[in-house]
Amino acid sequence: SAVISQKPSRDICQRGTSLTIQCQVDSQVTMMFWYRQQPGQSLTLIATANQGSEATYESGFVIDKFPISRPNLTFSTLTVSNMSPEDSSIYLCSAGQGANEQFFGPGTRLTVL
Amino acid sequence: GESVGLHLPTLSVQEGDNSIINCAYSNSASDYFIWYKQESGKGPQFIIDIRSNMDKRQGQRVTVLLNKTVKHLSLQIAATQPGDSAVYFCAEGYTGRRALTFGSGTRLQVQP
């Protein structure tokens, strides 16, 4: 299984600022995804991070708000832009080689004041 | 502690008993299913998966049952231990999509 790390592990940010979250995988993987988990809730897919091309966003999520990069097969970033308190959440990166094989990072706990 | 799972349904069991966690899925086209365990302050941890061409799969102390007729999935944990206390999520996917759709989750509390 892939080992996934995320940075930062948590942050407290001011309204209107932006935060970039990094996701590093210890091996090359085909697929990388970004999810959001709001307090007390399940995981919601934000986007699929595509290597060498633009990310594929789910309904309700847009590139201007959540720009994503994936420069290679082991690394991706998610930026939460122009933050508001409603963006307070846990942001999770997942990665895997197969359709039924996805492993998650520890998450980034974001609080927006 | 973390806020994950505060508002989720809770299953409370005695240590040593068997636990059964249920999940209803939505997409009849889903061809694989995964159970994840999420402990407080951590990301989801892969437990076991099952393909739609199977109705049962066993792992170490865990068994997943799939009933495609009623779109129902269950996770059975044998001899539940305090370390099994966590929030459990089922997730579904299909090969053409690759990403997962998660169920709402169940908190498992193991009483000593």
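Side-chain atoms are counted along with the backbone in the values below, which use heavy atoms only and exclude waters and symmetry mates. Quick note on labels: first sequence line is chain A, next is B, and so on, each numbered from 1.
Across Leu92(A) and Gly43(B), no two heavy atoms sit closer than the pair CD2-CA, 4.0 Å. Taking both residues in full, the closest heavy atoms of Phe33(A) and Ala99(B) are given as CE2-CB, 3.5 Å, listed atom of the first, atom of the second, then distance. Of all the heavy atoms in Leu100(B) and Gln102(A), the pair that sits closest is CG-NE2, 3.5 Å.
Under the 4.5 Å side-chain heavy-atom criterion for Ile, Leu, Val, Met, Phe, Trp and Tyr, Trp35(B) and Val110(B) are members of the same hydrophobic cluster. Ile34(B) and Phe89(B) fall within the same hydrophobic cluster, where Ile, Leu, Val, Met, Phe, Trp and Tyr residues are linked whenever their side-chain heavy atoms come under 4.5 Å apart, directly or through other members. Linking ILVMFWY side-chain heavy atoms closer than 4.5 Å, directly or via other members, places Val13(B) and Val62(B) in a single hydrophobic cluster. By the criterion of side-chain heavy atoms lying less than 4.5 angstrom apart, applied directly or through intervening Ile, Leu, Val, Met, Phe, Trp or Tyr residues, Tyr25(B) is grouped together with Leu75(B) in one hydrophobic cluster. Hydrophobic clustering (side-chain heavy atoms under 4.5 Å, transitive across Ile, Leu, Val, Met, Phe, Trp, Tyr) groups Leu108(B) together with Ile47(B).
The aromatic rings of Phe102(B) and Phe104(A) sit perpendicular to each other, their planes meeting at more than 60°, with 30° as the lower class boundary.
Separation of atoms OH (Tyr36(B)) and OG (Ser94(A)) is listed at 6.5 Å; rounding is to 0.5 Å. Between the CD1 atom of Ile90(A) and the NZ atom of Lys42(B) there is a distance of 13.5 Å, given to the nearest 0.5 Å.
Atom NZ of Lys68(B) sits in a crowded spot, with more than 12 heavy atoms from other residues, nucleotides or ligands closer than 6.0 Å.
With a threshold of 4.5 angstrom between heavy atoms, Glu58(A) approaches chain B through side-chain atoms but not through N, CA, C or O.
Ser42(A) contributes a side-chain N or O that, together with a main-chain N or O of Gly103(B), makes up a donor-acceptor pair within less than 3.5 Å.
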